[in-house]
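Worksheet for the structure shown next.
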Amino acid sequence: MGKSAVERRLDDTEAKAVLRNVRVSPQKLNVVAQMIRGMDVEKALAALTFSRRRISDDVKKLLQSAIANAENNHQLDVDRLFIKEASVGKSIVMKRFRPRARGRVGKIMKPFSHLTVVVRERGETE
């Protein structure tokens, strides 16, 4: 009597992890996502470990979660994984105001972002 099962949207050789409502602008998050797109997961973890960007720690946790999903939920080989997709989306924007000179107001925007990472297992031909 429960809900019917939803078909899997990803391939059998893919796993996904999503980071929602992270407090950084999509533009800054996309710089880190662009850095790891298409890389092997070991190289991407090393690059994120030594990155000086503040958000790289959260992206590293997300990548480790995607690797764990691939290994535990889909029985994929961790040594053959690479990052197929790293997409950044826009979330809410908190709006704050600050008084300025002559009775005016300065608008402060505090954007949030979403990040989706899809890892895929390399085939023998790739």
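Met94 has its side chain within reach of Phe112: a pair of non-hydrogen atoms, C-beta onward, lies under 4.5 Å apart. In this structure the side chain of Val31 never reaches within 4.5 angstrom of the side chain of Ile55, judged on heavy atoms. Glu85 has its side chain out of reach of Arg37: every pair of non-hydrogen atoms, C-beta onward, lies at least 4.5 Å apart.
Taken to the nearest 0.5 Å, the CD1 atom of Ile83 stands 12.0 Å off from the NZ atom of Lys43. Distance CD1/Ile92 to NE2/His114: 8.5 Å, rounded to 0.5 Å. The structure places CG of Asn21 at 4.0 Å from OG of Ser91, a figure rounded to the nearest 0.5 Å. Residue Leu48 holds its CG atom at 10.5 Å from CG of Asp58, rounded to the nearest 0.5 Å. To the nearest 0.5 Å, the span separating CZ on Arg80 from CG on Asp40 amounts to 11.5 Å. Taking NZ of Lys90 as the start and OG of Ser25 as the end, the distance is 10.5 Å to the nearest 0.5 Å.
Across all their heavy atoms, Phe97 and Val105 have their closest contact at CB-CG2, 3.6 Å. Here the shortest heavy-atom pairing between Met109 and Lys95 reads SD-CG, 3.9 Å. For Asn69 against Lys16, the heavy-atom pair with the smallest separation is ND2-O, 2.9 Å. The shortest non-hydrogen separation linking Leu115 to Ala86 is CD1-C, 4.5 Å. When all heavy atoms of Val78 and Val41 are compared, the closest pair comes out as O-CG2, 3.9 Å. Across every non-hydrogen atom of Pro26 and Pro111, the tightest pair is CD-CB, 4.3 Å.
Ile36 and Val22 fall within a single hydrophobic cluster, where Ile, Leu, Val, Met, Phe, Trp and Tyr side chains are chained together by heavy-atom contacts under 4.5 Å. By the rule that hydrophobic residues join a cluster once side-chain heavy atoms approach within less than 4.5 Å of another member, Val119 and Met39 end up as members of one cluster. Hydrophobic clustering (side-chain heavy atoms under 4.5 Å, transitive across Ile, Leu, Val, Met, Phe, Trp, Tyr) groups Val32 together with Leu45. Under the 4.5 Å side-chain heavy-atom criterion for grouping Ile, Leu, Val, Met, Phe, Trp and Tyr, Met35 is connected to Val59 within one hydrophobic cluster.
Other residues, nucleotides and ligands place more than 12 heavy atoms under 6.0 Å from the CD atom of Gln64.
Side-chain atoms of Ser51 do not come within 3.5 Å of backbone N or O of Ala47 as any donor-acceptor pair. Although no hydrogens or angles enter the test, the distance criterion places no donor-acceptor pair under 3.5 Å between the side chain of His74 and the main chain of Thr13. With hydrogens and angles disregarded, a donor-acceptor distance shorter than 3.5 Å links the side chain of Glu121 to the backbone of Asp77.
By the 4.0 Å N-to-carboxylate-O rule, Lys84 lies close enough to Glu14 to be salt-bridged with it.
For Arg120 and Phe82, the positive end is not near the middle of the six-membered ring at less than 6.0 Å and at most 45° from its axis.
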